[in-house]
Amino acid sequence: MARIGIFIDTLKGTLPSSFRERIRTTLRDVPEVVFSVEEDEFTSETFERMLKLLEHEGVERVVIVGGSPKLYETTFQKLGFPLPFNPYLFTVANIREQALWSSIDEREASEKAKNAVLKAIRIASSLRPIESQTLPLKPEVLILGGGISGISIALTLARAGIYVFLVERERTLGGKVTELWKFYNQELEAKGWLEQKILELRQNPRISLLAPARLKYLRGHMGRFQATILTDKGEETTISPSAIVVATGYRVERKRGGIYDHKRMVTLSEMEKLLSETNPPFPFFEGKRVETVTYLLDDTNEDIKLDSINALKQSLLLQGSLKCQVAILCKEFKVSSDRMERLYRKARELGVLFFKYEEAPRFSLVNGQIQVEVKDTSILRKEDQWSVSILSDLVVLCETFLPHQETMELSALLRLHLGKRGFFMEDNPQLLRVRSNRRGIFIAGGCRFPQEISETLFEANAVAQEVLALLSKGAYTYDLSVAEVDPKKCALCYTCPRVCPHSAIEVEKYAEKNVYLTHHVPENTKWGAAKVDPASCFGCGICVGECPARAITLRHYPDEFIYIQMGLDG
Amino acid sequence: MVDFDPKIIAFCCDQSGYPSADMAGSLRLNIPKNVEMVRVPCAGRVEALYLLKALEKGADGVVLFACYEENCQYLRGNLRARGRLSYIHRLMEKIGLEKERIEICYLATNSGVKLVETLQRKTEELKRLGPNPCSEGK
Amino acid sequence: MIKAEQKPMEEILRSIDPYKKILLSGCGACVTVCHAGGEKEVLLLASALRMARKKIGKPLEILEATPSRQCEPEYAQELSELSEKVEAILSLACGVGVQTLVRFFPKMPVLPGVNTTFLGETLSHGIWEERCQACGNCILEKTGGICPISRCAKQLLNGPCGGSSKGKCEIKKEADCAWQLIYDRLSSLGQLYKLEEIIPAKRWGIESRDSGLRRIIREDLKI
Amino acid sequence: MKAGSNLEKILSKGLFAVTGELGPPKGNDVSVVKRKADLLRGYVDAVNVTDNQTAIVRMSSIATSSLLIQMGIEPVMQMTTRDRNRIAIQSDIFGATALGIKNMLCLTGDHHTFGNQVDSKNVHDLDSIQLIDCVRTMRDQGTLLGGEERIEGKIEIFIGAAENPFADPFEFRVVRLAKKVRAGVDFIQTQCIYDMKRFKEWMKMVRDRGLHEKVHILAGVTPLKSGGMARYMAKNVSGIIIPEEIIDRIVKAKKPAEEGIKLCVEQIQELKEIEGVHGVHIMAIEWEQMVSQITEMAGLLPRPKGE
């Protein structure tokens with residue numbers, strides 16, 4: 001029989017004494033309970049007292065009776081775990097939120113509390129310690145994609161002492177930035193800036209550049225990835241990085257057919273090129289001066305800020321020093337990026353025209369120029385809305401942003417999730433934007449979501465910090481509060497690898513034995529069964545519920561706990 | 001209508017159901033007394049078997065509190081739970097048990113009111129349906 | 001592998017109606033993989049059956065077991081101790097497993113709990129499709145590796161019938177026309193000439209499905 | 001002469017042949033056969049007798065064919081591999097030839113789940129090409145399929161088969177025809193033709209392989225009764241293509257049935273001009289009374305005598 005110690009948290013005296021008394025009466029009849037004491041709150045002094053008491057009584061299971069378990073879990077995280085033994089040997093009876101506060105009267109509350117306390121004791125009796133493990137992490141990172149994300153992450157990591165393998169599919173580095181003329185929010189030419197970065201990259205001894213090359217296989221999990229890189233010469237190199245950053249970028253597709261094929265229909269990036277080659281005072285197109293330029297935004301990428309930023313940047317120059325008349329047609333102009341509101345005002349002051357459309361604008365050829373007809377809906381009253389027609393020398397179109405062709409293949413190779421549009425999906429759009437669904441694999445840049453360069457750089461920095469946070473300790477320590485497959489029962493049905501949201505399970509025909517499972521089995525024992533990588537498992541238990549052979553248990557949350565809570569034990 | 005106190009087993013996802021129950025307490029809302037709260041790390045941890053066992057071993061109804069779609073911390077736990085429930089619903093139909101005895105309810109972390117309303121409504125519904133005729137004890 | 005589907009509950013209930021205590025045995029091989037008769041399904045069905053019988057006032061006691069494979073004598077015999085305590089066995093194994101139990105428990109009624117549906121492959125999780133009918137003389141070499149015996153509704157050996165339309169079969173509109181697949185495959189392999197050859201009438205009667213009980217004997221392996 | 005049937009004689013003389021179709025009764029009412037026979041007599045060279053078409057149970061094609069002979073009409077007995085294994089097939093051929101049946105159409109048959117006995121077990125011991133080969137063996141070698149077993153008597157059959165140029169994969173359809181020719185087929189009746197462009201394309205492929213010189217091709221036509229029928233067939237019957245303009249023409253017509261007949265006649269006239277088409281097969285299903293009018297309008301009357 002387990003020996004259990006009970007600490008009743010009076011929550012600074014807010015639990016009524018009559019209520020507490022009833023609980024103590026209940027506890028008196030439970031043989032497992034060695035002692036029950038009251039504490040007003042949990043501070044470091046309380047911890048010291050608790051420690052002494054536990055040692056003195058020789059108790060190794062603790063039930064805290066009081067508020068929500070979430071309360072204690074956060075306190076303990078902050079103050080450190082107060083008990084002298086394994087942190088998994090304590091449990092909480094929530095008698096405040098889910099009893100005292102949510103009942104009609106104190107009698108009902110006491111009933112609920114009694115039930116909660118007795119369940120907690122039963123759970124405590126069957127608690128088992130859960131060990132933790134440490135996975136050494138070498139300071140080695142693989143970055144896929146030599147665009148600006150990949151380059152800047154590589155530089156940050158290398159400066160912090162991490163060895164980086166940078167794999168780029170193309171012959172040239174820089175990705176989409178090679179098509180960029182300048183930054184929108186600082187006076188900086190992109191070309192020179194990029195060259196500087198690439199130079200720095202090539203000179204850094206900690207960065208190994210593999211280009212042109214691509215990832216051929218990936219095996220293993222965080223800390224023990226085995227990546228096979230294939231160069232265009234057909235050579236294979238296998239490296240074993242601790243973490244991986246995917247920064248493979250996106251591709252664009254321009255609208256084709258009919259008038260869209262006309263030479264006066266250019267894309268934003270073609271315009272960017274034209275401007276970078278233009279010497280003031282005037283831009284020329286095929287030898288003739290360009291006087292009117294019309295931008296069409298939001299017809300393909302409605303939720304992406306990049307087009308608004310580039311159009312604004314270009315129009316400031318065109319309307320300003322190059323003396324053109326610029327019109328921007330959009331559904332909504334996105335000014336949420338750094339300094340964009342100010343630049344927008346400046347553009348209006350310079351005389352850039354903005355039109356808001358709902359119906360797609362119509363294009364026609366008039367005397368070699370392109371006539372744009374658009375119904376302006378920026379005026380609220382419908383009757384005041386009129387159609388505008390603009391004769392333009394150039395119409396600038398935005399390109400559709402699409403996932404790179406290799407994204408699909410890469411997602412299968414890396415076992416990463418794709419979002420609805422086929423870009424890589426972040427693990428949590430609010431909190432964990434740069435983490436993929438797999439521990440140890442991060443996503444950065446346009447392969448997740450196309451963004452403007454300064455935002456991309458910002459995000460690249462975030463990725464680098466995350467990687468550094470992971471690798472700087474040299475090891476990753478984790479509790480074995482994870483799913484575990486019983487190889488004897490496993491039917492090799494592949495259900496769990498398919499349902500695992502974090503791709504933490506693989507069927508390993510000849511895997512090393514789960515080291516946390518059995519110490520007495522000689523190392524390098526081979527078997528065929530599904531295997532959970534404990535460092536990659538998040539402990540959600542989805543696989544447990546799915547396994548047709550019931551071969552999987554969640555070590556920190558076995559069936560038993562659930563049956564006890566359901567009131568079905570014994 | 002039979003006058004009895006229906007027993008409900010409520011599986012609470014640790015990201016939505018459980019904090020919502022705490023929230024309900026903080027708001028001093030009354031959680032019906034015959035409810036067994038079962039804290040699970042994710043709705044995806046709730047096996048189909050638990051749902052049936054609950055009914056077999058004495059519950060009159062079961063509520064599965066999961067996160068809203070696309071809101072699961074583990075990406076698809078709520079969807080897997082929904083799938084399992086639909087399987088159990090089919091089985092219940094064959095057994096001759098009312099499907100309404102088990103339902104899934106989607107919550108956010110702070111849906112205390114919705115949780116309590118659901119449990120109260122379920123209690124009323126179960127009172128109308130009467131005691132679970134398949135449970136062992138009865 | 002063998003694919004199976006659980007029988008309708010009504011049918012199972014009818015078949016076990018006379019008994020008060022049964023053994024519900026799953027199988028840890030094929031039927032586990034297709035989620036029809038593994039341990040999970042055994043426990044679920046047992047619980048459902050107990051409730052169904054409780055409801056009609058005829059409680060049923062069920063022992064549960066899931067041997068690794070019911071079609072091997074040694075595994076099947078693992079059930080002998082449990083079988084002594086019951087009136088009948090309900091087996092969630094395929095038809096083979098059921099009959100292995102029949103062989104070892106001569107006095108015990110053994111009832112099938114699943115319909116053994118086909119030999120198939122997993123298309124994606126939760127979707128299985130027929131691929132082989134165990135005809136006993138494989139012609140995949142002639143048909144680009146796609147089996148018209150199992151995948152053509154008329155088992156045609158010399159090309160599609162007139163109901164092949166836009167790649168689909170007229171009998172089951174969601175199914176691909178096997179001969180369209182064969183055509184496409186041979187076309188991509190550059191082996192369309194294989195289609196010019198007339199495949200003669202199949203020998204169904206000798207060493208095939210209709211030859212009577214088939215048996216494989218390996219003299220070298222016999223003990 | 002392989003069988004010496006009227007149809008064979010007409011085709012071998014290089015005349016343009018016309019065949020019709022007759023669905024046996026869903027019972028043993030001989031008067032139904034007689035009524036339909038009267039509508040066809042004199043307008044066609046031979047009449048196809050369907051074999052439980054669309055898997056609906058009907059009077060057997062052997063018995064109906066035999067009745068037609070008594071009524072003075074030459075039958076083309078259809079036989080599907082759906083309902084018979086090779087034992088029954090060969091036995092039925094013995095019987096059929098003994099009863100004087102001289103033309104036979106070898107088919108796979110519509111799937112049994114389309115009919116009124118959906119729970120039956122289909123046979124498909126042979127497919128249509130293997131069936132052709134079987135009949136040819138019986139006729140030319142005087143033995144049973146695959147055996148040395150001699151047949152008592154002499155099997156004389158003019159062997160036909162069906163082909164559908166409108167099913168997929170299109171490029172394979174002509175390969176399949178070539179296989180049928182190699183298996184020993186004497187004449188082919190096609191699925192009903194509405195998409196003339198595709199049919200001509202197919203015929204070109206047939207001619208490219210020289211198949212039109214080895215087999216008589218009878219082009220299939222079916223008069224459309226109404227716009228509804230046209231739409232239904234286009235949408236629901238796999239392997240039939242009806243171009244939009246034809247549906248349109250029938251739908252918009254004041255008298256759709258008359259328009260349907262007119263269209264059918266135009267089609268026959270167009271088909272006659274195609275090199276390699278040796279006849280037409282008019283499938284006026286449950287509309288046998290129109291065959292006289294169609295053949296008349298198409299200038300196919302009077303029918304020549306094979307003798």
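The sequence lines fix the lettering, A, B, ..., with proteins before strands; numbering per chain opens at 1. Any value given below was found using the heavy atoms of this structure, including those in side chains, with hydrogens, waters and symmetry copies removed.
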Novice: Can you name the nearest heavy-atom pair linking B/G25 to A/W101, along with the distance?
Specialist: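 Closest pair (atom of B/G25, atom of A/W101, distance): O-CB, 3.0 Å.
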
Novice: Could you check if a side-chain atom of A/I562 sits within less than 4.5 angstrom of a side-chain atom of B/R45, using non-hydrogen atoms only?
Specialist: yes

Novice: Can you tell which of B/L29, B/V38, B/I9 has the highest number of heavy-atom pairs within less than 4.5 Å of chain A?
Specialist: B/V38

Novice: Please determine, among B/L75, B/N34, B/V116, the option with the most heavy-atom pairs under 4.5 Å with chain A.
Specialist: B/L75

Novice: Between B/K33 and A/I104, is any pair of side-chain heavy atoms under 4.5 Å apart?
Specialist: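 B/K33 does not reach A/I104 side chain to side chain.
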
Novice: Checking heavy atoms, do the side chain of A/D427, its backbone, both or neither come under 4.5 Å from chain B?
Specialist: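 The answer is both parts of A/D427.
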
Novice: For A/C500, which atoms come within 4.5 Å of any heavy atom of chain B: side chain, backbone, both, or neither?
Specialist: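 When you check distances to chain B, only backbone atoms of A/C500 fall under 4.5 Å.
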
Novice: Can you check whether B/Y18 reaches A/S68 side chain to side chain, under 4.5 Å on heavy atoms?
Specialist: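 Contact flag for B/Y18/A/S68 side chains = yes.
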
Novice: Quick one: CE on A/M566 to NZ on B/K53, what's the gap to the nearest 0.5 Å?
Specialist: 9.0 Å

Novice: Under 3.5 Å, side chain of A/K70 to main-chain N/O of B/D14, donor-acceptor pair present?
Specialist: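 Checking the backbone N and O of B/D14 against the side chain of A/K70, a donor-acceptor pair under 3.5 Å is found.
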
Novice: Between B/E56 and chain A, which part of the residue has a heavy atom less than 4.5 Å away: side chain, backbone, both or neither?
Specialist: neither

Novice: Check whether any side-chain N or O of A/Q98 sits under 3.5 Å from a backbone N or O of B/A21 as a donor-acceptor pair, and report yes or no.
Specialist: no

Novice: Within a strict 4.5 Å, meaning less than it, do heavy atoms of the A/K112 and B/V35 side chains meet?
Specialist: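 Not touching, per the 4.5 Å side-chain cut-off.
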
Novice: Is B/L27 close to chain A through its backbone or its side chain, or both, or neither, when contacts mean heavy atoms under 4.5 Å?
Specialist: neither

Novice: Given that the side chain runs from C-beta out, which part of B/R39 has a heavy atom under 4.5 Å from chain A: side chain, backbone, both or neither?
Specialist: both

